[in-house]
Every structure is written in C-alpha cells, then in structure tokens.
Amino acid sequence: MDKFVIRKRSHDDEGIDHKPKRKCSETLKDENGDKEDCAISNFVVKSPAWRHLKGQNLNCDYCVFFSKSCADEIFKECEKLLTYNEGQLAKVNLFGKWHDIPRKQVAHGDEGLSYTFSNNTVPARPWTPFLKKIKDTISEVTGHEFNFVLINRYKDGKDHMGEHRDDEKDLVQGHPIASLSLGQPRDFIFKHADSRGKNAKCNIDPVKIELQHGSLLLMNHPTNTFWYHSLPQRKKLLNVRINMTFRKMVKK
DNA sequence: CGGTATAAGCACC
DNA sequence: TGGTGCTTATACC
C-alpha cells in the first residue's frame, strides 16, 4: 500500500472553503498492537478534494476519502471481520407491520449506546481495532468526534434503504454524520420534506449523488432536519456495497 | 391526552 | 426499471 499522510480539516473551513488548512504529517500508528485483528496499518488520506452539496438547508460535503487500494483493503477486511444482526434485531415495524430489513446491519460503538428507529433498537457492539482505526482516521481529518457507527451491507442492487431522516432523539442534535461508502457505487437521493408527496408545499428538486468506493459524505446540520435520504434499488447492480455511518449518540 | 410521523412493501404508471 | 402514492397501528411528541 501507499505511504499515507493524514491531513486535518479545521472547523473554520466550514462555509468558506473545504480544503484542509492545517497539515498533520504523522502517520497513523497502531496504538494497541492489534496487527492480528487488523491487517491495515496505514490509511491513505491525501488532502481530500471536498465538494460542497448545496440546496435549501442542505449542507453536505463529499470527497473521495480513501485511495482505491486502501478502500479495496478496508472492504476486504469488512467482509472478513464483520458479522451482522439477525432475527428481531434485523426487523423494523412500519405502518403496523414487521419487516426484515432489505439489507444487513450491525452497530458498534461506546459501551451502553444504542440506536432506535422504527421500533428497532440496535445495540452497539464494542469497537474493534479495525473499526476504531477507521473512526479515528475520519475524526482526525474531519475534526469531528464520533462514538457510534451503524454499518449497512447491501449485497447487490436489490438491497436498499427507504426514505427517512436521521432525526432520532438518540442522536446528538446538530452533530454531523459521516458516511463512508465501500464497494459498489450506488445512487443516493435527497428529497426535501416539504417537496414530497401529492400535497407538497413547494417544489424543490431532489439532489442525487453517486456514492463512490472510498468516498465520505458529511451530512452537516441542518440537512437531516429538512431532507429525507434514501438508497433506492438499482436492480442491474450485482456487487456488494458496505456503508458506515459514524454518529455521535447521546449517552444515557 | 390528541396529533403526527413512519429506515417497509406493494400497486400502479 | 424506476418513480410515486398509499398503507396503518403504534410510538412518541
């Protein structure tokens, strides 16, 4: 793998330009001597070129975060190391009916945290060295802290996720969510809450973006207050996509 | 308490 | 194939 340099992104970039201003030339080190659990010792993050997604109250930043070789390796490690929830933990209740979620899901995070949506409470499994390393790298570069990651695995284009907002009480209000995409690129669609359905109050165009292998999408406040997002079916796509959304949850 | 929203699928087009 | 509208009984605001 390539040699990597981690560059931080300072908070005062926001709203003006999204290129990192501070440099940090240290290479991320294995703090726990966890080579056996995590084959990845370095990550590529070469001053990512951020692109700002703008809309009415839409505030997101997107970049290709990991180089292809690094993203390939992380993807491989995910497939080797991760296991996913089953049974009741893999169901949601909507409009009075229980459904198996059309994808696989698991969460890791600080002890005691969990995430509840649609009558489904996903408890955090402990951080693994592998996941902690990814989390720390993203924190380092974005300047935001996270204590929880929700991982979704879409085995092919038939797996999907419906429209929703990440507006649960479990989430620290106003804190950004960092979404790392690995594997099969997929369309990701934002729709404004007031612009949905037959009786829409206004007509705001949806914002679509194809989330690339190794990319990071930062969903900043107040995006999730006003915009729904979804990962629609794309039936012709045959390959696996893994998504990690790093979050800050309220401690209870 | 009443009002409101829904991370799902399905039935159209 | 993909986008839209509808569902429905809890939950939780």
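Each chain gets a letter, A, B and so on, in the order its sequence line appears, and its residues count up from 1.
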My understanding is that only residues two or more places apart in sequence, or in another chain, count here; which of them pass ring pair (Phe, Tyr, Trp, His ring centres under 6.0 Å) with A:Tyr228? none
Side chain to side chain contact (heavy atoms under 4.5 Å, CB included) assessment of A:Leu58 paired with A:Phe226: CA-CA 8 Å; A:Leu58 182 79; A:Phe226 295 97; over 6 Å; no
Strictly by salt bridge (charged side-chain N to carboxylate O under 4.0 Å, His left out), give each pair with a member in residues 204-226 of chain A just once, sequence neighbours left out. none
Any stem touching DNA chain C, meaning at least three consecutive Watson-Crick or G-U pairs under 3.5 Å, ordered by first number, would be B:2-6 with C:9-13, B:8-13 with C:2-7
Please write out each protein N/O paired with an N/O of nucleotides 7-10 of chain C under 3.5 Å, distance rounded to 0.1 Å.
from, atom 1, to, atom 2, distance (Å)
C:dT8, O4', A:Phe95, O, 3.3

Assign each of A:Lys235 and A:Thr116 the nucleotide of DNA chain C bearing its closest heavy atom; nearer the 5' end lies the nucleotide of A:Lys235
Is A:Lys68 salt-bridged to A:Asp72, going by a charged N under 4.0 Å from an acidic O? yes
Is there any salt bridge (charged side-chain N to carboxylate O under 4.0 Å, His left out) pair reaching into residues 94-111 of chain A, and which pairs are they, with sequence neighbours excluded? A:Lys91-A:Asp100
Which residues satisfy the ring pair (Phe, Tyr, Trp, His ring centres under 6.0 Å) test with A:His221, sequence neighbours excluded? none
DNA chain C contacts made by residues 203-212 of chain A, counting heavy atoms under 4.0 Å: none
Note, A:Leu218 side chain near A:Phe65 side chain (heavy atom, < 4.5 Å): no
Tell me whether the side-chain N/O atoms of A:Tyr228 come closer than 4.0 Å to OP1 or OP2 in B:dA5. no
Specify the separation, in whole Å, of atom CG of A:Asp166 and atom P of B:dT6. 12 Å
Which nucleotide in C:dG3, B:dT6, C:dC6 has an atom nearest any side-chain atom of A:Lys198: C:dC6
Where do N or O atoms of nucleotides 9-12 of chain B meet protein N or O atoms at under 3.5 Å, pair by pair?
from, atom 1, to, atom 2, distance (Å)
B:dG9, OP2, A:His160, NE2, 2.8

A:Asp187 CG to C:dG3 C1', straight-line distance once rounded to whole Å: 13 Å
B:dG9 and B:dA5: how far apart are their P atoms, nearest whole angstrom? 22 Å
Between C:dT4, B:dT6, B:dA8, which one does the side chain of A:Arg165 approach most closely? B:dT6
B:dT4 C1' sits how many Å from A:His164 NE2, rounded? 19 Å
Test side-chain hydrogen bond (donor to acceptor under 3.5 Å, both in side chains) applied to A:Thr121 - qualifying residues, sequence neighbours left out: A:Thr116
Protein-nucleotide distance (A:Glu163, atom CD; C:dG2, atom C1'), rounded to Å: 13 Å
Would you list the pairs meeting salt bridge (charged side-chain N to carboxylate O under 4.0 Å, His left out) in which at least one residue belongs to residues 223-249 of chain A, sequence neighbours left out? A:Asp166-A:Arg247, A:Asp187-A:Arg234
For A:Asn243, enumerate each residue passing the side-chain hydrogen bond (donor to acceptor under 3.5 Å, both in side chains) test, keeping only those at least two apart in sequence or located in another chain. A:Ser179
Which residues share a ring pair (Phe, Tyr, Trp, His ring centres under 6.0 Å) with A:Phe246, sequence neighbours left out: none
Using only side-chain N and O atoms of A:Arg103, determine if any of them is under 4.0 Å from OP1 or OP2 of B:dA8. yes
Describe the nucleic acid contact of A:Lys191 in one word from base, sugar-phosphate, nothing, applying a heavy-atom distance below 4.0 Å. sugar-phosphate
Apply the test salt bridge (Lys or Arg N to Asp or Glu O under 4.0 Å) to residues A:Lys80 and A:Glu77: give CA-CA distance (whole Å), side-chain angles for both, the deciding distance (0.1 Å), then the verdict. CA-CA 5 Å; A:Lys80 194 168 94 186; A:Glu77 288 291 295; 3.4 Å; yes
Quick one, A:Asp167 with A:Asn224, criterion side chain to side chain contact (heavy atoms under 4.5 Å, CB included). Give me CA distance, side-chain angles, the key distance, then yes/no. CA-CA 6 Å; A:Asp167 59 352; A:Asn224 271 121; 5.5 Å; no
Where do A:Lys135 and A:His108 land on the side chain to side chain contact (heavy atoms under 4.5 Å, CB included) test, with the steps shown first? CA-CA 11 Å; A:Lys135 180 198 70 159; A:His108 290 258; over 6 Å; no
Whether A:Arg234 contacts C:dG3 is assessed here as follows: a side-chain N or O lying under 4.0 Å from the phosphate OP1 or OP2. Is that the case? yes
Figure out the CG/C1' separation between A:Leu237 and C:dG2, and round it to whole Å. 13 Å
Measure the distance from NZ on A:Lys169 to P on B:dA5 and round it to the nearest whole Å. 15 Å
When the distance from CG of A:Asn199 to P of B:dT4 is rounded to whole Å, what number comes out? 14 Å
Under the criterion side chain to side chain contact (heavy atoms under 4.5 Å, CB included), I'd like the reasoning laid out for A:Arg165 against A:Thr225: C-alpha separation, chi angles, the key distance, then a yes or no. CA-CA 7 Å; A:Arg165 289 180 286 191; A:Thr225 308; 5.7 Å; no
Could you check how far CD of A:Glu168 sits from P of B:dT6, rounded to whole Å? 10 Å
